[in-house]
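Before any comments, here is the structure.
Order of appearance sets the numbers: ligands from 1, and atoms from 1 within every ligand.
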Amino acid sequence: MTRTDRIAEPWGSRTPYGPGETWPTRVDSYLADGLTEADVDRWVQSATILHSNGDGLDIAVKDDRIVGVRGRAVDRVNHGRLGPKDLFGWQANNSPDRLTKPLVRRRGKLVETDWDTAMDAVANRAKELLEEQGPRAISFYTTGQLFLEEYYTLGLIAHGGIGTNHVDGNTRLCTATAAAALKETFACDGQPGSYTDIDSADVIALYGHNMAETQTVLWTRVLDRLAGPNPPQVICVDPRETPVARAATVHLAPRPGTNVMLMNALIHELVAHGWIDRDYIEAHSVGFAELQKQTAECTPEVAAAVCDVPAEQIREAALIIGTAERLMSSVLQGFYQAHQATAAAVCVNNIHVLRGMLGKPGCGILQMNGQPTAQNTRECGADGDLPAFRNWSNDAHIADLAKVWNVDPMQIPHYSPPTHIMQQLRYIEEGSIRFMYVTATNPAVSLPELRRIREILSQDRLFLVVQDIFLSETAQLADVVLPAATWGEKTGTFTNVDRTVHLSEKAVEPPGEARSDLDILIDFAHRMGLEDKDGAPLVKWSDPEGAFEGWKECSRGRPCDYTGLSYDKLRGGSGIQWPCNDEHPDGTEHIYVDGQFWAQPDYCESYGRDMVTGAPVEKTEYEALNPTGRAVLKAAEYVAPHELVSEEYPFQLITGRTLYHFHTRTKTGRAPQLQAAAPEVWVEMSQSDAADRSFTEGDLLEVTTPRGLVRARVRISGIRPGVLFLPFHYGYWDTADGSRPRKERDGRAANELTLTDWDPVSKQPIFKTAAAAVRRVSAAKGQPSLAPTTTGSAPVTGGVPPTTGGAQAHAEELVGGRR
Ligand SMILES: Nc1nc2c(c(=O)[nH]1)N[C@H]1C(S)=C(S)[C@@H](COP(=O)(O)OP(=O)(O)OC[C@H]3O[C@@H](n4cnc5c(=O)[nH]c(N)nc54)[C@H](O)[C@@H]3O)O[C@H]1N2
Ligand SMILES: Nc1nc2c(c(=O)[nH]1)N[C@H]1C(S)=C(S)[C@@H](COP(=O)(O)OP(=O)(O)OC[C@H]3O[C@@H](n4cnc5c(=O)[nH]c(N)nc54)[C@H](O)[C@@H]3O)O[C@H]1N2
Ligand SMILES: [Mo]
């Protein structure tokens, strides 16, 4: 057993292993207040909630309070390991400023009330609007952080009960492009890859994915391969020098917003050198000729000029990818939050189809998720799609769903694609949406162009319901605030990016009168009087297990088939990968084995979209293109980013994450170790740009775009010249000093600066390119910025003290632990 400062060493110690071997176990644990395992009353099974990795863990409970966590050695995902946010983030659950009573707005102020008053206010307003304006007045905006059971219930209420099409999740900001890219290539959502692919891959390519910071345990698996015999080669595509870039064999640092050009050049090289599997292409795909044509002119030289990456480096990367025997790829926000998001992500799928690298060990694609339960938002239809990957433009699928729900097919809106959040905001602005029910997301910090968002959400004619665990920036704008129970205080299941389903059990009671999201949603459905076509209650369950059983039936025969799973089966051991059914009782490690897809016209989830306009492809067109359900190779031409640099705004601004915080910090800002590691916003700039302006480390800068400003101390880092990076975690609500609101709202949140614009196919907003200016407000006087030194924000100048956590951040590691 060793004790490690897991703030200073986020990935812990190495347990090297070689290709094809099993990743050794290492059980990580942290107990607060110097407690030892002997002090713990009970351990309750769960999985991690502050990222998408889905690491199995047990929650330690003492005197009916959560006091710590321990990784589960038996879990296939993490083999016992936990990351810093997992080890320390749970402390937010015990925060004294949790919401404990419902709040309603009276004479402009939010005041405490009882549940009946609050829920009647919500249901009555919704009923009034339904009568006056119909379902199009009502919208739901949810998250990637609830449980499967909650999403399924929410989707049923919205689609089957109220009949509105205005349903979306913050997954739109997050992994809409993952789903869209999979639907374009495979005509269906669902990840081809498995985490075990890391164990045997000889090349691992990460596209716009800072895995080291955002999926720390998965990166630990990569680090352990890198430390072992016959390590894989790593390709990193990222304009910053992230820890991934530092570990890479080849680091391509393109200009932000030029991914499609770079990918087209890589594909050009694969085709030109014959590094493709012609038999596989012939037997299992359509669209090769068009792809070849589209990329014919995209030589490394052409791409080098656009992306500002040396042509030689592009060739080197292409050679590694082209000659890999077992290629694993992952893709995330550097590709997804861009103006050609889906087009770029699809290129990664193309590479795997071209090389026939699918459905076998070491050959996975992970079109990554970010949030812990984002996969379920999509599967259950809480992002506006229909449950279990049913196709909203296939009438037979609608009829089938109507049967499962016992409603009239015409009740389920399918006249047009679901209304994505950016369009919902437009409808609120125009006044046609009058009621918005927000669950577990904080749009007043996380959506682009915050000044506009605040204006929209605080309109009088909008009735805003916010269901949260804290009085977030968004909750402060609400008409009704509903206090929710969270992870550890409620039971449910969730599915990570490699299709592994985990059960998370209730460990303790929620604070005060807080209730689980599921209970609140069911209460709402009953107060709305929602019924099926025989007059029985529409929502037929009253607890999580009932909802799960309902979902299983809905998933039967669909790609994400859960019928072989049960709460009992998920207890005690590892999480299990879907599809899990009679045919695959122990789950399924690899899908798309032997070139078999779910892309048949009658079965598939989507007929795809036009890559330029985003217009849905008609069924007849799809049938003509892909009658037998092969993988579809899709090509797109590079288009320059929409907001270009100018004399006035000479920098490209990108935004993203740091290892120590989660999103708008409502949880990690309340965990002392994490908050101390990254206490305030900073801005990253390259050494040459800083030198040109005589800036030194720690100078206070003002970053502006036409939409707003942020003040931040500069960290001179390994970011490419011409680019600035801001972490987006810092809203205007201060959690560090006892949750007092700051006086001024502007000036910290990266999204004051971002623009209202999105990818035409996935509708994912663009958070990673905007044109910005900087000026110095005041000099550092020897004080460096407080940005972490262990991460992408590592300083390239001297004199910055390293980020450490001290004694309070010591966690235990037990290598080979069997618990
Ligand atoms: N610590 C931590 N972990 C998290 C989260 C968190 O908040 N904190 N959130 C979770 C969630 S919801 C998500 S979605 C994931 C996100 O995980 P990531 O996508 O890994 O995180 P980001 O920092 O948003 O973006 C990744 C990288 O994209 C790069 N990038 C920016 N512009 C471009 C571009 O034009 N091209 C390329 N190739 N790269 C570019 C940035 O430099 C950045 O390093 O993380 C999950 N895990
Ligand atoms: N500039 C910029 N903006 C971005 C991004 C970026 O890279 N750059 N990334 C985008 C991405 S990928 C994402 S995922 C979003 C994230 O953006 P948000 O979803 O807005 O961020 P969170 O802070 O995770 O908000 C979750 C809210 O749910 C509450 N909550 C937590 N658990 C529960 C629960 O069990 N029940 C209920 N009812 N509430 C709960 C939390 O207190 C918090 O207020 O941000 C997006 N915005
Ligand atoms: Mo996300």
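- Distances from atom 6 (C) of ligand 1 to the heavy atoms of His51, Glu684, His661 put His661 nearest.
- Screening Thr377, Asn170, Asn376, Thr441 for a side-chain hydrogen bond (donor to acceptor under 3.5 Å, both in side chains) involving Gln371 leaves a single residue, Asn170.
- Remark: Leu518 CG to Asp523 CG distance equals 11.0 Å, nearest 0.5 Å.
- With salt bridges taken as basic N to acidic carboxylate O contacts below 4.0 Å, none links Lys763 and Asp168.
- Those atoms of ligand 2 that come under 4.0 Å of a heavy atom in Asp517, given as number and element, are 34 (C), 35 (O), 36 (N), 37 (C), 38 (N).
- Taking every heavy atom of Gln145 and a limit of under 4.0 angstrom, the matching atoms of ligand 2 come to 19 (O), 22 (P), 24 (O), 26 (C).
- Here Leu482 has no heavy atoms under 4.0 Å from ligand 2, in either its backbone or its side chain.
- Taking any N or O of Asp468, backbone or side chain, at least one lies under 3.5 Å from an N or O belonging to ligand 2.
- Closest to atom 15 (C) of ligand 1 by heavy atom, among Leu332, Thr143, Asn369, Thr258, is Leu332.
- By the 3.5 Å distance cut-off applied to N or O atoms, Gln337 is counted among the residues near ligand 2.
- From Thr791, atom OG1 reaches atom CZ of Arg240 across 7.5 Å, with rounding to the nearest 0.5 Å.
- Selection from Arg657, Arg98, Gln371 by nearest heavy atom to atom 12 (S) of ligand 2 gives Arg657.
- When Ile654, Thr214, Thr664 are ranked by how near their heavy atoms come to atom 47 (N) of ligand 1, first place goes to Thr214.
- Atom numbering of ligand 2 starts at 1 in the shown order; those under 4.0 Å from a heavy atom of Cys174 are 12 (S), 14 (S).
- The distance criterion of under 3.5 Å between nitrogen or oxygen atoms is met by Gln467 with respect to ligand 2.
- Heavy-atom contacts of Asn170 reach the following atoms of ligand 2: 18 (P), 19 (O) (cutoff under 4.0 Å).
- Near His209, meaning under 4.0 Å from one of its heavy atoms, ligand 1 places the atoms 20 (O).
- Residue Lys667 approaches ligand 2 through these ligand atoms, each under 4.0 Å from one of its heavy atoms: 31 (C), 32 (N).
- Comparing Gly370, Ala440, Ala484 by heavy-atom distance to atom 40 (C) of ligand 2, the nearest is Ala440.
- Close approach of ligand 1 to Thr242 (heavy-atom distance below 4.0 Å) involves ligand atoms 44 (O).
- For Asn751, the closest heavy-atom approach to ligand 2 falls below 4.0 Å.
- Of all atoms in ligand 2, listed by their number and element, those nearer than 4.0 Å to a heavy atom of Lys768 are 7 (O).
- Near Asn442, meaning under 4.0 Å from one of its heavy atoms, ligand 2 places the atoms 18 (P), 19 (O), 20 (O), 25 (O), 44 (O).
- Atom numbering of ligand 2 starts at 1 in the shown order; those under 4.0 Å from a heavy atom of Thr666 are 41 (C), 42 (O), 43 (C), 44 (O).
- Put simply, the side chain of Gln191 reaches to within 4.5 Å of the side chain of Asn369, judged on heavy atoms.
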